[in-house]
Protein chains: 2
Amino acid sequence: MKLIHQLSKETGIPIGTIRFYEKSGLFRGETKKEVTTNKYVYYGNDVVEKLRFIQMAKAVGFTLAEIKEVVDAWYKKQLSQNAKIEVLDRKLVQIEEKIKDLKAVKKQIELCKFNIENEVS
Amino acid sequence: MKLIHQLSKETGIPIGTIRFYEKSGLFRGETKKEVTTNKYVYYGNDVVEKLRFIQMAKAVGFTLAEIKEVVDAWYKKQLSQNAKIEVLDRKLVQIEEKIKDLKAVKKQIELCKFNIENEVS
DNA sequence: TGCAACCATGCAGTATACTACATAGTTGTA
DNA sequence: TACAACTATGTAGTATACTGCATGGTTGCA
């Protein structure tokens, strides 16, 4: 169990951003009820895992709202099994599209590079 | 050569967004000098190609600034050959990272789905 | 010639995702 | 006990990427 400063150092995500994500409902830390002198929030390795997932998902163009859907399917008890599977299947379709787009972008850049290299200057 | 309305229909990108991209320097259309009664701007198939590239690059998490770098290497004469190659190589590295991230996100979602399917409810 | 459907410019407003700052309280070490 | 380094809360500001609106001009067809 770590405090926010250590969580930030471990993940490379600024404290402000972590707080913003927590407020957005992407995860939550826990306060120790036995401690009454402060309201310090502790985070487990599940949060580290979630933050890494958020980082990667953001890097490939998912919005926080889309990431929240996955995270909710991941650990929210309120959703039915079917609803969760449905969300995840939709994300997997989106991922296949992104893989296609990424390959097309790569091809285009490689072609562009080839043209530049074989140009008469 | 098409006007903005047709370009929008062909690409599915709203007119306002196309104008925003053009103002951002991602491409430019051309006015016909022989016409003096209006300032209508015409777009060729190169712009269609660029817009499709922009759509895909955006879908995989590239910002417009990053896309502009590629587009500038693509058709700007001001940049030296070496500068262009350097930009493109950096983008190819970024793409490899994104492919890795995308695969990791996919794996995580598949694992999550597996856990839900094999849970005792 | 009237009129719908298009064109351009400019500027204000919105959504998303942070980022910074002010304020105030807590903890650990010298 | 002083003080650095952390903690929390709240609010305002910023960057990016649109999105809509007002205004005014042009084109093509009945």
Side-chain angles (χ1 to χ4, degrees), chain A residues 1-44 47 50-72 94 101, chain B residues 1-44 47 50-72 94 101:
Chain A
M1 292 305 243
K2 18 189 162 272
L3 289 168
I4 199 160
H5 187 79
Q6 202 198 325
L7 183 61
S8 170
K9 267 202 299 186
E10 256 178 61
T11 59
I13 299 174
I15 290 176
T17 305
I18 293 173
R19 285 205 218 277
F20 173 75
Y21 289 164
E22 187 166 9
K23 251 195 290 184
S24 306
L26 287 168
F27 55 83
R28 27 174 218 298
E30 34 189 299
T31 50
K32 308 206 160 172
K33 328 132 206 83
E34 69 267 22
V35 179
T36 51
T37 49
N38 66 40
K39 291 178 279 181
Y40 289 11
V41 178
Y42 290 83
Y43 303 93
V47 175
K50 247 156 231 164
L51 281 173
R52 293 207 199 288
F53 179 80
I54 292 165
Q55 275 183 306
M56 291 188 299
K58 266 182 49 61
V60 296
F62 283 105
T63 64
L64 292 186
E66 287 169 334
I67 295 166
K68 190 177 179 329
E69 286 192 296
V70 176
V71 163
D72 284 349
Q94 262 186 285
D101 287 342
Chain B
M1 292 305 244
K2 16 187 166 274
L3 289 168
I4 201 161
H5 188 78
Q6 203 198 324
L7 183 63
S8 171
K9 269 204 297 186
E10 256 178 62
T11 59
I13 300 173
I15 289 176
T17 305
I18 294 173
R19 285 204 218 279
F20 174 75
Y21 288 164
E22 188 167 8
K23 251 195 291 183
S24 304
L26 288 168
F27 56 82
R28 26 174 218 298
E30 32 188 301
T31 49
K32 307 206 161 174
K33 328 129 207 86
E34 68 267 23
V35 179
T36 52
T37 50
N38 65 42
K39 291 179 280 181
Y40 289 11
V41 179
Y42 290 83
Y43 303 93
V47 174
K50 247 156 231 165
L51 281 173
R52 293 206 200 288
F53 179 80
I54 292 165
Q55 275 183 306
M56 291 187 299
K58 265 182 51 59
V60 296
F62 283 105
T63 65
L64 291 186
E66 287 169 334
I67 294 167
K68 190 175 179 329
E69 285 192 297
V70 175
V71 163
D72 284 349
Q94 261 186 286
D101 287 342

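Labels below follow one simple rule: chain letters A, B, ... track the order of the sequence lines, proteins then strands, and each chain is numbered from 1. Owing to the predicted nature of the structure, the values given are computational and were not obtained by experimental measurement. The figures that follow rest on heavy atoms only: side chains count, while hydrogens, waters and symmetry mates do not.
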Legend entry - Phosphate OP1/OP2 of C/dT19 contacted by A/Thr17 side-chain N/O (<4.0 Å):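 For C/dT19, OP1 or OP2 has a side-chain N or O of A/Thr17 closer than 4.0 Å.
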
Legend entry - Residue-phosphate contact under 4.0 Å: A/Thr37 side-chain N/O, C/dT27 OP1/OP2: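 True: A/Thr37 side-chain N/O within range (under 4.0 Å) of C/dT27 OP1/OP2.
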
To the nearest 0.5 Å, tell me how far [X] [atom1] sits from [Y] [atom2].
X       : Y       : atom1 : atom2 : result
B/Leu26 : B/Phe53 : CG    : CZ    : 10.0 Å
B/Lys50 : B/Ile67 : NZ    : CD1   : 13.0 Å
B/Ile15 : B/Ile13 : CD1   : CD1   : 12.0 Å

Legend entry - Outermost DNA chain D nucleotides near chain A [under 4.0 Å, heavy atoms]: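 The contacted stretch runs from D/dC6 to D/dT11.
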
Legend entry - Side chain to side chain, A/Ile18 and A/Phe27, heavy atoms closer than 4.5 Å: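 The answer is yes, as the side chains (C-beta and beyond) meet within the 4.5 Å cut-off.
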
Legend entry - Listed partners of A/Thr31 passing side-chain contact (heavy atoms from CB on, under 4.5 Å), at least two apart: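 Testing A/Thr31 for side-chain contact (heavy atoms from CB on, under 4.5 Å), a comparison that skips the adjacent residues, returns A/Val41.
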
Legend entry - B/Tyr40 versus B/Asn38, closest heavy-atom pair with distance: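 In this case the closest contact between B/Tyr40 and B/Asn38 is N-OD1, 3.1 Å.
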
Inset, instruction - Provide the closest heavy-atom pair for A/Tyr21 versus A/Leu51 in the form atom of the first, atom of the second, distance. - result: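 Smallest interatomic distance, heavy atoms only, reads CD1-CD2, 3.8 Å.
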
Legend entry - Protein proximity profile, nucleotides 6-14 of chain C - base contact B, sugar-phosphate-only contact S, no contact -, cut-off 4.0 Å on heavy atoms: BSBB-----

Output a table of donor-acceptor pairs, distance under 3.5 Å, between side-chain atoms of residues 54-64 of chain B and any protein atom two or more places apart or on a different chain; print 'none' if there are none.
from    : atom 1 : to      : atom 2 : distance (Å)
B/Gln55 : NE2    : B/Thr11 : O      : 3.4
B/Thr63 : OG1    : B/Glu66 : N      : 3.2

Legend entry - Backbone of B/Ile4 reached by a side-chain donor or acceptor of B/Ser8 within 3.5 Å: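 Checked: no pair found.
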
Legend entry - Those residues of residues 50-72 of chain A lying under 4.0 Å from DNA chain C by at least one heavy atom: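 Residues of residues 50-72 of chain A under 4.0 Å from DNA chain C: A/Lys58, A/Thr63, A/Leu64.
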
Legend entry - Pair listing, salt bridge (Lys or Arg N to Asp or Glu O under 4.0 Å) test, anchored in residues 3-31 of chain A, at least two apart: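 Residue pairs passing salt bridge (Lys or Arg N to Asp or Glu O under 4.0 Å), neighbours aside: A/Lys2-A/Glu10.
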
